[in-house]
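All remarks here apply to the structure that follows.
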Amino acid sequence: MAPSSKMALGIKRASRSNTYHRRGLWAIKAKNGGAFPKAEKPAAAAEPKFYPADDVKPRTVSTRKPKPTKLRSTITPGTVLILLAGRYMGKRVVFLKQLKSGLLLITGPFKINGVPVRRVNQTYVIATSTKVDISAVKVDKFDDKYFAREKKTRAKKTEGELFETEKEATKNLPDFKKDDQKAIDAELIKAIEAVPELKNYLSARFSLRDGDKPHEMTF
């Protein structure tokens, strides 16, 4: 029976069987043994048996690059600093140089006020207007590795030694560090003694009394 309208012809052309032959799907099916090829699905990851009670965010790798610490404009090599914290709080010291870590290399010198060569953070110091000539002092060998601590491995104790109390050996400063301190002190003391009353100024401890106003002081 011939189609009665153009609409019927359109329906026939878009039929499922006509599309099947027009697209050549029959050839693909015949080539693969009478079935359409199926893509292999990737194996699904095994899900945990229990879910965490709290939402734990995965750690992300930090891409932040540390910037070098900026030294305050008032702190220059030879500047006398006042320590505000730590074992030597209130002591006046001489600034030698800034290390790569951003810490300040300072010394008393040790022979005058007992402060050895050490590192401090510039946050905990006050810079004064007093300066010392340190052009003759050699500080090239001092870096952050110079102050690194040696890792010591403790031997395991047996059952009989668990309750035995042994006195730990006192930590002695290496001889090469003592020699370095003496070499720095010798050059610094020459420069300090050339300025009158500077030795007494460094040996005196800084302190505040009742009624003193630090924000109005000029150091």
Among residues at least two apart in sequence or on other chains, which ones pass side chain to side chain contact (heavy atoms under 4.5 Å, CB included) with Tyr124?
Ala85, Asn121
Under a 3.5 Å distance rule, please check whether Arg92 uses its side chain to pair with a backbone N or O of Ala204 as donor and acceptor.
yes
What one should report as the nearest heavy-atom pair of Arg205 and Tyr88 is NH1-C, 4.5 Å
With the 4.5 Å side-chain cut-off for hydrophobic clustering, are Ile106 and Ile75 part of the same group?
yes
From Ile82 CD1 over to Ile126 CD1, what is the distance, rounded to the nearest 0.5 angstrom?
5.0 Å
Taking all heavy atoms of Val139 and all of Lys97, pick out the closest pair and write down the distance.
O-NZ, 2.9 Å
Please check if any side-chain donor atom of Gln181 sits under 3.5 Å from a side-chain acceptor atom of Thr107, or the reverse.
yes
Please confirm whether the backbone N or O of Leu103 pairs with a side-chain atom of Gln98, one donor and one acceptor, at under 3.5 Å?
no
Side chain to side chain, Val120 and Leu83, heavy atoms closer than 4.5 Å:
yes
Report yes or no: does Thr128 contribute a side-chain atom to a donor-acceptor pair with the main-chain N or O of Leu81 at less than 3.5 Å?
no
Can any side-chain N or O of Asp212 pair as donor or acceptor with the backbone N or O of Arg209 at less than 3.5 Å?
yes
So which atom in Thr69 and which in Ser101 form the shortest heavy-atom distance, rounded to 0.1 Å?
OG1-O, 4.0 Å
Does a side-chain heavy-atom distance below 4.5 Å link Lys131 with Thr76?
yes
Closest approach of Leu99 to Phe142 (non-hydrogen atoms, all atoms of both residues)
CD2-O, 3.8 Å
State, with a plain yes or no, whether a side-chain heavy atom of Thr130 is found less than 4.5 Å away from one of Leu198.
yes
Check: Ile192 and Pro109 side chains under 4.5 Å, non-hydrogen atoms:
yes
For Phe110, run the side chain to side chain contact (heavy atoms under 4.5 Å, CB included) check against Asp185, Val115, Ile184, Val117 and tell me which one passes.
Asp185
Examine distances only and state if a side-chain atom of Lys199 and a backbone atom of Ile112 form a donor-acceptor pair shorter than 3.5 Å.
no
What distance separates Ser203 OG from Lys111 NZ, expressed to the nearest 0.5 Å?
14.0 Å
Would you say Asp143 and Lys100 make side-chain contact, with heavy atoms under 4.5 Å?
no
Do Lys91 side-chain atoms and Asn113 backbone N/O form a donor-acceptor pair below 3.5 Å?
yes
How far apart are the closest heavy atoms of Arg72 and Val125, and which atoms are they?
NH2-O, 3.3 Å
Using only atom types and a distance under 3.5 Å, with no angle test, would you say the side chain of Lys182 pairs donor to acceptor with the backbone of Lys177?
no
With hydrophobic residues grouped by side-chain heavy-atom distances under 4.5 Å, do Phe206 and Leu202 end up in a single group?
no
Following the transitive rule for hydrophobic clusters with a side-chain heavy-atom cut-off under 4.5 Å over Ile, Leu, Val, Met, Phe, Trp and Tyr, establish whether Val137 and Val94 coincide in one cluster.
yes
Indicate if Leu96 and Tyr201 have the same hydrophobic cluster label, given that clusters are the connected sets of ILVMFWY residues with side-chain heavy-atom separations under 4.5 angstrom.
yes
List in chain and number order the residues that pass side chain to side chain contact (heavy atoms under 4.5 Å, CB included) with Asp133, two or more places apart in sequence or in another chain; answer none if no residue qualifies.
Ser135
Could you tell me the separation between the CZ atom of Phe176 and the OH atom of Tyr146, rounded to the nearest 0.5 Å?
5.5 Å
Closest heavy-atom contact between Ala194 and Pro196?
O-CD, 3.8 Å
Hey, are the side chains of Leu71 and Leu104 touching, using non-hydrogen atoms and a 4.5 Å cut-off?
yes
May I ask you to decide if Pro37's main-chain N or O and Asn32's side chain share a donor-acceptor pair within less than 3.5 Å?
no
Determine whether Val80 and Val93 make a side-chain contact, defined as any pair of heavy atoms from C-beta on separated by less than 4.5 Å.
no
Separation of Arg118 CZ from Phe147 CZ (nearest 0.5 Å):
9.0 Å
Lys/Arg-Asp/Glu bridge criterion (N-O < 4.0 Å) met for Lys141, Asp180
yes
